[in-house]
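To find a chain, count down the sequence lines: A is the first, B the second, and so on, and within it residues start at 1. For the numbers below, each heavy atom of this structure counts, side chains included, while hydrogens, waters and symmetry mates do not.
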2 protein chains.
Amino acid sequence: MDHDASETRNEVQAGLDAGEMVTVFGRCRVDYDGRASSELGPGDRLLVLKPDGTALVHTDEGHQPVNWQPPGCDHESRLTDGELHIHSTRTTPEETLDVYFASVAAVNRYAVTDDSELSVSGTEADLRERVLESPSLVESGFEPRATERGTAAGAVDIYGVDGDGNAVVVELKRRRVGPDAVGQLDRYVTALRRESHDGTTVRGILVAPSVTERASELLAEQGLEFVALEPPE
Amino acid sequence: MDHDASETRNEVQAGLDAGEMVTVFGRCRVDYDGRASSELGPGDRLLVLKPDGTALVHTDEGHQPVNWQPPGCDHESRLTDGELHIHSTRTTPEETLDVYFASVAAVNRYAVTDDSELSVSGTEADLRERVLESPSLVESGFEPRATERGTAAGAVDIYGVDGDGNAVVVELKRRRVGPDAVGQLDRYVTALRRESHDGTTVRGILVAPSVTERASELLAEQGLEFVALEPPE
DNA sequence: GGGTGGATGTCGCGT
DNA sequence: ACGCGACGTCCACCC
């Protein structure tokens, strides 16, 4: 049995038991099996184990971890064939992640306290507030009546009426949109037209900073409209 | 000037200059400005700086970094008001990330070599192979003619013909699908019907493990079909 | 560089 | 738990 690996394992397990964040840097291979499955051969990577049950395997490249396990998983440290072996499992869906370290360059443990909340601005919610405060940005005479109004096709971002008494469905997007957003708006408009048994006209307006060419064509085909507007800030 | 902070900064900068992966654990606050903007007050977090220009700020919770910078950014270490300050920038879009450390518990540098490729199975591509090898899984008599066939509404996953000579559009999803996938399939079918000047019938089939209730209704409304099929493995 | 859609997407909210 | 849609989504691929 590799004595260093044994000590390393004890260090990792102590961190896990203490509810600390544990990082392991070393040469490892990784197996994942669950919703999909993957194999990753040997290489130098950073493993991050969080006290909430998250596991992240990061290579030298990319924002995304090459392998991971979401929060709520159980992490175990083992000695398998003399190697440090991290075994992480979850249920619903059943998923396992196994990281085998041929060598470990460093193990670190961190006691974490973090009470601060992240505050973000420039989101779709901010755009919604902007429209609700100044409905004329969408169109003169537009009057919002509800947000998240339910329809058979899902919840409409802003539901209201125009100056002529027509129903208006507003779909908000914080950034430039493609065909998917048009499809979304179309589903809501179609559902509302089906639901309005009287002859009320239902208009659909996509509110976003800009649209792609294809999205613009789709809007025209469906008789939907577009208003250019950005989130505040 | 804080001597420790100065040494810490030198260590971080040396790692960045050497093209190593650098981790910093400590108490910090974070400012981000770009496509959106955010502020995060003091707390204990792990900062990961990758040689490809990625920056990740991880709290004790969650799969997602609380703040980040994607690959390709320039990282600088600074001493600002005696604190270690990491300043990361990118262009198109213009974005900045600033991490200010009130205290640093540990800095680590790792020289990384990783030649292995991740191999994943159970993806949509695997499902496509399964259908192409056994087209009858979709329907007896189905004959695939093309993958990624272009239409005015985008590329169709699998295009083919059925036993009666009708055109068939197959949209593949590796997992249970909702209304968005139906909208996608509908866009392709509508586009192809518009493009087929002869009277060819165009059928749309959604191939996925399962569908939600709402998606099922939408399929019925649009006269589209569903075939239950999972990716192999 | 922009468009388009996949992803082990994750995350939060509502039912 | 599942459905649904947002996300600073990221990411690969094609144009």
Q: Taking atom CG of B:D186 and atom CD of B:Q222, what is their separation to the nearest 0.5 Å?
A: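 Between B:D186 CG and B:Q222 CD, I get 4.0 Å after rounding to 0.5 Å.
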Q: Distance check: side-chain N/O of A:T92 vs OP1/OP2 of D:dA1, anything under 4.0 Å?
A: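 Answer yes for this pair, as a side-chain N or O of A:T92 is under 4.0 Å from OP1 or OP2.
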Q: According to the interplanar angle, ranging from 0 to 90°, do the rings of B:W68 and A:H63 count as parallel (below 30°), tilted (30 to 60°) or perpendicular (above 60°)?
A: perpendicular
Q: Does the distance from a Lys or Arg side-chain N to an Asp or Glu carboxylate O, for A:R27 and A:D44, drop under 4.0 Å?
A: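 Yes, A:R27 and A:D44 are salt-bridged.
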Q: Looking at B:K50 and A:G62, what are the two nearest heavy atoms and their distance?
A: NZ-O, 2.8 Å
Q: Looking at every strand, decide which applies to A:P179 at a 4.0 Å heavy-atom threshold: base, sugar-phosphate, or nothing.
A: sugar-phosphate
Q: Map B:L118 and A:R176 onto DNA chain C by nearest heavy atom, then report which one ends up closer to the 5' terminus.
A: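 Here A:R176 is the residue nearer the 5' end.
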Q: Does the protein touch nucleotides 7-15 of chain D at the base, only the backbone, or not at all? Give it as B, S and - per nucleotide, heavy atoms under 4.0 Å.
A: SBBSS----
Q: Sticking with atom P, work out how far C:dT4 lies from C:dT8, rounded to a whole angstrom.
A: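 My reading of the P atoms in C:dT4 and C:dT8 gives 23 Å.
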Q: Pair A:T123, A:R174 - check side-chain hydrogen bond (donor to acceptor under 3.5 Å, both in side chains), show working.
A: CA-CA 6 Å; A:T123 64; A:R174 67 173 300 281; over 6 Å; no
Q: Show the numbers, then the answer: is there a salt bridge (Lys or Arg N to Asp or Glu O under 4.0 Å) between B:E221 and A:R194?
A: CA-CA 11 Å; B:E221 286 176 24; A:R194 195 163 311 219; 3.5 Å; yes
Q: How far does the C1' atom of D:dG5 sit from the matching atom of C:dA7, given to the nearest Å?
A: 16 Å
Q: Give A:R128 one of three labels, base, sugar-phosphate or nothing, depending on what nucleic acid heavy atoms sit under 4.0 Å from its own.
A: nothing
Q: Look at all strands and tell whether B:A153 reaches a base, only sugar-phosphate, or nothing, counting heavy atoms closer than 4.0 Å.
A: sugar-phosphate
Q: Reading DNA chain C 5' to 3', which nucleotide is the first, and which the last, to come under 4.0 Å of any heavy atom in chain A?
A: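 Listed 5' to 3', the contact boundaries are C:dG3 to C:dC11.
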Q: Under 6.0 Å from the six-membered ring centre of A:Y100 and within 45° of its axis: does the NZ or CZ of A:R29 meet both?
A: yes
Q: May I ask you to say whether A:R128 pairs ionically with A:D157, meaning some side-chain N is under 4.0 Å from a carboxylate O?
A: no
